[in-house]
Amino acid sequence: MTEALTPATRVLARTPRAGASAIATALADAFLAADAWTAPHLVDAGSFVLGARRRWLPRVVDDVMVDFVRAPVDSPRLLIAVIGDSPAFRAAIEKADAARTPIRIHHHVVATTRSREPAAGLPRIDDIAALAVLLELTDGQLAWFADTKRWNRRARPGPLHHYRYEWRSRPGRVPRLLEVPEERLRRVQRRLLERVLGLIPANDAAHGFMPGRSAVTGAARHVGADVVVSVDLTTFFARVSAGRVYGTLRQSGYSESVAHTIAGVCTSAVPPRVLAAMPPGGTPEERFALRRALAANHLPQGAPSSPMIANLAVRRLDSRLTGWAAAVDAAYTRYADDLTFSGGPSLAARPDAFIRGVRRIVEDEGHSLNERKTRIRRQATRQAVTGIIVNERLNLVRGDYDRLKAIIHNCILHGPSSQNRAGVADFRAHLRGRISWVESLNAQRGARLRAEFARIVWA
């Protein structure tokens, strides 16, 4: 007795039609699993996958071998892209579609991929499983935190979201979005920072969020210059894309899958509901650029891993600006999004022309300057770098010193609680930190503040 065919059974009985991407992926897996990286072996491996020796297959293999002299075992995604871009492959797909005789995949081959040797001093991470072990996660937990399919961006608001969003208005300027990771993701990002990202060397020009460097070390490079030029990058973190993060990790020797997953853990795409709530501020062009950057995967401002990754992702920008400064015998440092140049007569003669060159380099690297924050300061004026005076020696801005002195004096007269208007949890430690900052710039002023601090009566 023959079973009657229903519409449902007819659909289930069909052999799924493989698309161009699936076919390119199957061929890439077969090539990587071939016994040797030679044209005959690759053709044989591809023929096994396709169930027959296709006439166009040798031409695809030739295109592949032009790009790869050896098996790209750590770059399967790149190999898939090369196969998909092969003129012979595209022509075969188009011919099959026109004739309605789709190319079928008869066998699937599992290819083993591995990382190259990472750069010196970095841990070896061969695959996703090894990355999960390094981060003390299961494979499923790692996939959830990486969110490479951007499910969080499309999900409804709820407790399972990875980030909490806070818009900060800024008078006359485009607003800033703080993207604060929830505690579990924050712990994973800190592990990545401590065990991988913090071990990758950044450019010497970077002084923000770097071990052994600070705003003080950066400012020290500009003491006593004829002219100090300061420029600022707009929406710095948002413009560092997941692609930049991925490229940085690939350059450090990690495989495509490992780099892709780490980039997913450390980047975020803002949900449309959050973008729609953007408060007023900035020009229409600035607001549009910010929305577009935030909608794509980018470094979230608020994640512990973002500052270090930003330093790594702009290494080429730092290198190019260092070279541009050296051409006029100038020094260059960067503290997060604050770029500072200083030099002698050559820079002082034509600072405007120098800034135009800086702007070209910055825009070529995917960033933009905040024209309202560009400053040219000569010796006759107060030269400040990240809030530190650098005219003749490092010193604190007088207004900052006076305000801190007044707070300590009022603590003595009226008690510490009267001055803790921001509700700092450990106000005593907070004041000690600010005094230490003064001491690092001016020992005499710092000593006077510390003596006054000792007079405060703490409850």
Side-chain angles (χ1 to χ4, degrees), residues 146-157 161-181 185 208 229-248 260 263-303 305-307 309-318 320-321 334-339 352 355-375:
D147 191 26
T148 56
K149 301 296 185 182
R150 306 209 313 176
W151 296 114
N152 260 256
R153 185 173 192 270
R154 299 188 293 272
R156 294 178 180 178
H161 269 266
H162 290 330
Y163 289 88
R164 174 170 52 85
Y165 302 97
E166 298 177 13
W167 282 107
R168 298 290 177 86
S169 297
R170 299 185 293 176
R173 299 173 59 189
V174 69
R176 174 177 293 161
L177 179 64
L178 293 184
E179 302 168 68
V180 184
L185 177 58
V229 176
S230 301
V231 300
D232 182 80
L233 301 179
T234 61
T235 57
F236 177 54
F237 287 103
R239 288 178 181 265
V240 178
S241 66
R244 291 266 182 169
V245 178
Y246 170 84
T248 297
H260 185 59
V265 171
C266 297
T267 59
S268 166
V270 177
R273 60 181 173 80
V274 178
L275 296 178
M278 181 189 294
T283 66
E285 294 78 14
E286 290 173 334
R287 294 172 64 82
F288 175 77
L290 179 60
R291 281 198 193 95
R292 183 171 60 180
L294 293 175
N297 277 74
H298 62 281
L299 286 183
Q301 186 167 354
S305 52
S306 291
I309 297 177
N311 283 335
L312 300 175
V314 297
R315 285 183 298 186
R316 189 172 69 176
L317 171 64
D318 285 338
R320 293 182 65 182
L321 291 177
R334 179 180 57 78
Y335 190 92
D337 55 358
D338 294 324
L339 282 54
D352 292 331
I355 293 173
R356 287 195 294 270
V358 171
R359 184 183 299 107
R360 286 193 297 269
I361 294 172
V362 166
E363 292 177 352
D364 189 47
E365 292 295 325
H367 291 270
S368 63
L369 295 185
N370 184 346
E371 304 294 346
R372 291 188 292 269
K373 297 187 70 175
T374 299
R375 300 286 185 272

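If you read the sequence from its start, that first residue is 1, and numbering goes on from there. All values reported here derive from a predicted model rather than from experimental measurement.
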Quiz prompt | Listed partners of Glu363 passing side chain to side chain contact (heavy atoms under 4.5 Å, CB included), at least two apart | solution = Arg359
Quiz prompt | Over 12 foreign heavy atoms within 6.0 Å of CZ, Arg156 | solution = no
Quiz prompt | Residue list, side chain to side chain contact (heavy atoms under 4.5 Å, CB included) with Asn152, at least two apart or on another chain | solution = Trp144, Asp147, His161, His162
Self-check item: From Tyr335 atom OH to Asn311 atom CG, the distance as rounded to the nearest 0.5 Å
Solution: 10.0 Å
Exercise. Determine the minimum heavy-atom distance between Val314 and Phe236, stating which atoms define it.
Key: CG1-CE1, 4.0 Å
Quiz prompt | Lys/Arg cation over aromatic Trp151: Arg153, 6.0 Å, 45° cone | solution = no
Quiz item: Between Pro300 and Ser306, is any pair of side-chain heavy atoms under 4.5 Å apart?
Solution: yes
Quiz item: For atom CZ of Arg150, is the number of surrounding heavy atoms from other residues, nucleotides or ligands below 6.0 Å larger than 12?
Solution: yes
Exercise. Return the set of residues passing side chain to side chain contact (heavy atoms under 4.5 Å, CB included) with Asp364 (not counting sequence neighbours), or none when no residue passes.
Key: Arg320
Quiz prompt | All side chain to side chain donor-acceptor pair (under 3.5 Å) counterparts of Thr235, not counting sequence neighbours | solution = Arg239
Quiz item: How would you list, by chain and number, every residue that makes a salt bridge (Lys or Arg N to Asp or Glu O under 4.0 Å) with Arg334, sequence neighbours excluded?
Solution: Asp318
Quiz item: Do any pairs count as a side chain to side chain donor-acceptor pair (under 3.5 Å) and have a residue in residues 168-177, sequence neighbours left out, and if so which ones?
Solution: Glu166-Arg168
Quiz prompt | Between CD on residue Glu365 and CG on residue Leu317, distance to nearest 0.5 Å | solution = 5.5 Å
Quiz item: Which word best sums up how the rings of Tyr246 and His260 line up, parallel for under 30°, tilted for 30 to 60°, or perpendicular for over 60°?
Solution: perpendicular
Self-check item: Gap separating the CG atom of Leu294 from the CD atom of Gln301, nearest 0.5 angstrom
Solution: 10.0 Å
Exercise. Output the distance between atom CG (Leu369) and atom CD1 (Ile361), rounded to the nearest 0.5 Å.
Key: 10.5 Å
Exercise. Considering non-hydrogen atoms only, spot the tightest contact between Pro175 and Leu290 and give its length.
Key: O-CD2, 3.4 Å
Going by atom type alone, with no hydrogens or angles, which donor-acceptor pairs under 3.5 Å involve a side-chain atom of residues 266-280 and a protein atom two or more places apart or on another chain?
unit_1	atom_1	unit_2	atom_2	d
Thr267	OG1	Ala263	O	2.6
Thr267	OG1	Asn297	ND2	3.4
Ser268	OG	Glu179	OE1	3.4

Quiz item: Leu339 pairs by side-chain contact (heavy atoms from CB on, under 4.5 Å) with which of Val229, Leu321, Thr374?
Solution: Leu321
Quiz item: Looking at residues at least two apart in the chain, or sitting in another chain, which of them share a side chain to side chain donor-acceptor pair (under 3.5 Å) with Arg287?
Solution: none
Quiz item: What pairs with Arg375 under salt bridge (Lys or Arg N to Asp or Glu O under 4.0 Å), at least two apart in sequence or on another chain?
Solution: none
Exercise. Mind checking ring pair (Phe, Tyr, Trp, His ring centres under 6.0 Å) for Tyr165 and listing every partner two or more places apart, or none if nothing turns up?
Key: none
Quiz prompt | Qualifying residues under side chain to side chain contact (heavy atoms under 4.5 Å, CB included), relative to Ala313, sequence neighbours excluded | solution = Val240, Arg244, Thr248
Quiz prompt | Set of residues satisfying salt bridge (Lys or Arg N to Asp or Glu O under 4.0 Å) with respect to Arg372, sequence neighbours excluded | solution = Glu286
Quiz item: Quick one: CG on Asp337 to CG on Asp232, what's the gap to the nearest 0.5 Å?
Solution: 4.5 Å
Quiz item: Would you call Leu185 and Tyr163 a side-chain contact if the rule is heavy atoms closer than 4.5 Å?
Solution: yes
Quiz item: Considering only heavy atoms from C-beta outward, does the side chain of Val245 approach that of Leu299 to under 4.5 Å?
Solution: yes
